[in-house]
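If you read the sequence from its start, that first residue is 1, and numbering goes on from there.
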Amino acid sequence: GTHRIPLTEYDEGCCICENPDGHEIVLLPLDKVLIKNRLGGICDGTLFDERLFYFVEFKDQAEGNTEAAIQYTYEKAQDQLTQGLTLFDEKLGAIDIKFRNQVDVTCVVILSEQFPRHRATEQDMMVAFAQQHHGVPLSFERTIHFD
């Protein structure tokens with residue numbers, strides 16, 4: 001089925017999960033819930049089943065009135081996802097679990113419907129992010145697919 005999953009206290013802060021096979025999906029809120037004050041921040045949360053693992057960062061409150069504000073929103077989202085990815089890699093690596101060998105990891109930025117999206121910037125970020133993070137894809141789609 002399809003579910004709207006709120007990860008933040010804001011109404012717009014949701015993603016849509018496509019789950020046609022009815023897998024059990026775990027929602028793990030991170031920022032200000034499980035992890036209180038991480039230096040550099042952390043992404044809002046994760047969604048996962050036994051095969052797929054998504055780090056999710058909501059930027060639904062981002063206005064993007066200026067070029068600098070738009071750029072800042074993109075960079076901040078990417079930084080917070082990197083923090084989440086790094087934390088899981090480090091903590092699980094410390095107990096000899098190669099996290100990314102166990103599940104397919106994707107990082108997702110969810111932007112407001114009103115946000116003035118820059119497709120070229122997003123394409124460049126997707127390429128750079130995958131290069132920096134050993135092939136982990138970056139997505140800007142509100143719908144997350146568990147199929």
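The side-chain contact (heavy atoms from CB on, under 4.5 Å) check on E57 picks up C43, D44, K59, A77, Q80, L81, with sequence neighbours excluded. D79 meets the salt bridge (Lys or Arg N to Asp or Glu O under 4.0 Å) test with no other residue; sequence neighbours excluded. For T82, the side-chain hydrogen bond (donor to acceptor under 3.5 Å, both in side chains) test picks out H133, with sequence neighbours left out. The ring pair (Phe, Tyr, Trp, His ring centres under 6.0 Å) test applied to F99 returns F53, F88, not counting sequence neighbours. Y54 pairs by the ring pair (Phe, Tyr, Trp, His ring centres under 6.0 Å) definition with F146, not counting sequence neighbours. Residues that satisfy the salt bridge (Lys or Arg N to Asp or Glu O under 4.0 Å) test with D89, not counting sequence neighbours, are R100.
A pairwise comparison of heavy atoms in H118 and Y74 identifies N-OH, 2.9 Å as the closest pair. The two residues H23 and N19 have their closest heavy-atom pair at O-ND2, 2.7 Å.
Screening I25, L28, D104, L27 against F48 for a side chain to side chain contact (heavy atoms under 4.5 Å, CB included) leaves a single residue, L28.
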- Show your reasoning for whether side chain to side chain contact (heavy atoms under 4.5 Å, CB included) applies to I144 and L52. CA-CA 10 Å; I144 293 175; L52 304 172; over 6 Å; no
task = Test Q71 against T121 for side chain to side chain contact (heavy atoms under 4.5 Å, CB included), laying out the working first.
result = CA-CA 9 Å; Q71 215 46 48; T121 298; 3.9 Å; yes
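Rounded to the nearest 0.5 angstrom, T143 OG1 and I110 CD1 are separated by 8.5 Å. From L85, atom CG reaches atom CD of E90 across 10.0 Å, with rounding to the nearest 0.5 Å. The distance from the CZ atom of F115 to the CG atom of N65 is 10.0 Å, given to the nearest 0.5 Å.
Side-chain atoms of S139 and E141 include no donor-acceptor pair closer than 3.5 Å.
At least one side-chain heavy atom of C17 sits under 4.5 Å from a side-chain heavy atom of L47.
Transitive grouping of hydrophobic side chains (ILVMFWY, heavy atoms separated by less than 4.5 Å) keeps Y72 and F58 in distinct clusters. Residues V103 and L138 share a hydrophobic cluster, clusters being chains of Ile/Leu/Val/Met/Phe/Trp/Tyr side chains in contact below 4.5 Å. Side-chain heavy atoms closer than 4.5 Å link hydrophobic residues (I, L, V, M, F, W, Y) into clusters, and following such links, possibly through other members, connects V26 to V105.
Between the R142 side chain and the L111 main chain, a donor and an acceptor come within less than 3.5 Å of each other.
No more than 12 heavy atoms of other residues, nucleotides or ligands shown are found within 6.0 angstrom of CD on E24.
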